[in-house]
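Below is one structure, written out as structure tokens; comments come after it.
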Amino acid sequence: MRFSKLLIPTTKETPNDATLASHIYLIRGGFIQSVGGSGLYNFLPLGKKVLDKVRAVVKEELDKSGCQEVSLSFVTPAALWQESGRLEKYGKELLRFKDRKNNDFILGPTHEEMMVNLVRQSVKSYKQLPLNVYQINLKFRDEIRPRFGLMRGREFLMKDAYSFHTNTEDMQREFALMEETYKRIFTRLGLDFRVVEADSGAIGGSGSKEFMVLADSGEDTIVVCENCEYGANIEAAIAKPKHYDASTEVKVMHFKAFYDEGETKYVNFVLPKDIQLQETKACNAVGANDLIEAENVDTVAIVVIDEALKVNVPASNYKAEEVHYADISSVCEGDTCVHCDGILRYTKGIEAGHIFQLGTQYSKPLGCNFLDENGKSVPMVMGTYGIGVSRLLAGIIEQNHDDKGCIWTKESAPFDVQVIVSNIKDEAQVALGEKVYQALKEKNIDVLLDDRKERFGPKIKDFELLGIPYAVVIGKKLSDGMVEIITRAGLEKEEIVAENVVESIIQKVL
Ligand code: ATP
Ligand code: MG
């Protein structure tokens with residue numbers, strides 16, 4: 001394609017609300033455009049091209065693993081969410097609205113109910129299972145703090161897959177297959193990532209893993225072992241139990257816990273004085289949807305004592321309807337790995353994918369049953385698997401940029417190569433530019449020809465900002481028969497005999 005014809009509105013201006021490199025460069029490079037508010041973005045031609053490339057990698061690998069693509073209605077009847085019991089639970093992130101006939105609808109933040117509804121209508125027998133169906137479609141979550149550009153939008157593109165099985169073992173086989181499939185996807189996209197144990201929260205289920213793109217700007221803290229493969233989101237991380245004696249000072253923390261249908265309870269958490277409370281673990285320990293710190297009150301419904309204090313702090317020390325022990329403490333840096341006695345450290349990650357062993361959480365209430373070999377009707381066993389496709393664009397740039405702009409990885413780049421004609425008034429340069437452009441296109445190389453009537457300075461700045469892996473610069477040295485190839489990562493320059501440039505690029509790109 002020709003730069004002169006493409007809508008690529010690059011700018012030097014950094015958006016006011018942008019702090020992350022990916023947010024700044026995706027806007028400045030004219031990949032995306034904010035839509036008059038927070039968390040909504042238009043994808044311009046280059047952004048759409050990158051999104052399509054990433055999406056294609058995701059689709060190819062899923063299809064190879066036997067998943068089938070469908071496309072669900074984005075507008076979801078609220079009745080389906082009533083059936084699963086999630087309508088009340090989901091809270092303010094869920095956008096609800098009515099149609100002209102006063103029927104209730106939501107914009108899908110995730111599509112378990114919709115996919116279960118699709119399957120319960122079309123799958124009746126064990127002979128039709130297992131099944132893994134997915135879509136790559138929009139999601140809407142009315143996030144309380146949309147920020148960081150594509151990282152945390154309100155409308156975003158997700159790949160969501162759902163698998164259906166006759167039994168748990170088969171679901172676990174698929175879960176392992178999806179883990180491998182995700183590893184291939186993230187590897188192809190050129191990402192440095194780590195698979196970590198994750199919190200399964202309110203959904204329950206036994207296994208859940210997150211795919212973390214490692215980056216200092218990541219919002220998630222992950223605990224990794226220096227010695228072995230162990231890695232976990234801090235929300236789910238465990239360490240070897242520490243030993244405390246009777247003289248250990250303890251602290252009591254007061255919270256208000258929120259449950260379904262507006263129910264609240266006061267709860268206390270007891271833990272060693274120098275240990276931090278892990279709020280997700282604490283939330284799980286009292287079965288709540290959310291916790292907010294509260295004043296000390298007289299009547300407390302639940303007291304949870306950290307497991308580490310089991311020997312020294314008897315439950316009878318506290319008065320409440322319910323007193324029990326649970327792991328509610330945060331793993332600290334320097335703690336000991338339960339698997340190998342290695343030292344645990346913190347690192348930061350961007351959650352790019354999440355895979356989940358779901359069980360019958362949705363199939364039961366929604367009546368998604370099949371007839372087994374004995375003709376008995378039983379609920380299907382499910383798994384669910386998400387990838388934040390638009391968030392991946394941000395993740396790729398968080399890992400691959402410098403102070404000049406984006407550095408796209410091979411499979412995510414909007415173009416393979418950019419041909420820059422330095423001086424558009426120089427006929428020889430223009431002629432060679434056209435020739436190289438056509439020759440590369442014939443070899444199926446995705447090439448952007450910078451044929452704009454601009455000076456060389458802004459052209460090279462745009463190349464650096466856009467982050468296409470290679471540039472061919474056709475400039476003054478052409479009078480000596482030479483051109484230049486620049487590799488965007490590292491900005492290394494090579495002089496090449498003009499006649500050989502097509503061959504050199506083919507070798508680099510293919
Ligand atoms: P987070 O903890 O970051 O809010 P989540 O746990 O709510 O994410 P899931 O429900 O597991 O996310 O959704 C699957 C994937 O969708 C996530 O792994 C993430 O990559 C992506 N995702 C979730 N929320 C957003 C968002 N607001 N903007 C962009 N991508 C998102
Ligand atoms: Mg998640």
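Note that ligands are numbered from 1 as they come in the structure, with each ligand's atoms numbered from 1 the same way. Values below: every heavy atom of this structure, side chains too, minus hydrogens, waters and symmetry copies.
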Lys NZ or Arg CZ of K98 over F105 ring: under 6.0 Å, within 45°: no
Min side-chain heavy-atom separation F175-I355 under 4.5 Å: yes
Ring centroid separation F255 to F269 under 6.0 Å: yes
In terms of atom number and element, which parts of ligand 1 are under 4.0 angstrom from non-hydrogen atoms of E143? 24 (N), 26 (C), 27 (N)
Heavy atoms only: which of M151, R141, M158, E210 is nearest to atom 23 (C) of ligand 1? R141
For ligand 1, which atoms have a heavy atom of H354 less than 4.0 angstrom away? 11 (O)
Trace of the side chain to side chain contact (heavy atoms under 4.5 Å, CB included) decision for I302 with Y266: CA-CA 7 Å; I302 311 174; Y266 285 98; over 6 Å; no
Heavy-atom contact under 4.0 Å between L150 and ligand 1? yes
Need the ligand 1 atom indices (1-based, order shown) with element for anything under 4.0 Å from a heavy-atom of R391. 3 (O), 19 (C), 20 (O), 22 (N), 23 (C), 24 (N), 25 (C), 26 (C), 29 (C), 30 (N), 31 (C)
Residues which pass ring pair (Phe, Tyr, Trp, His ring centres under 6.0 Å) with F211, listed by chain and number, not counting sequence neighbours: Y182, F186
Counting N and O atoms only, with roles assigned by atom type, does the side chain of R141 sit under 3.5 Å from a partner on the main chain of P109, one being a donor and the other an acceptor? yes
Which atoms from ligand 1 have a heavy atom of G153 less than 4.0 Å away? 26 (C), 27 (N), 28 (N)
K139: heavy atom below 4.0 Å from ligand 1, yes or no? no
A352 near ligand 1 by a heavy-atom separation under 4.0 Å: yes
Which of these, R152, E219, R154, has its nearest heavy atom closest to atom 1 (P) of ligand 1? R152
Which residues pass the ring pair (Phe, Tyr, Trp, His ring centres under 6.0 Å) test with Y470, not counting sequence neighbours? none
What are the atoms of ligand 1, with element, lying closer than 4.0 Å to any heavy atom of G353? 18 (O)
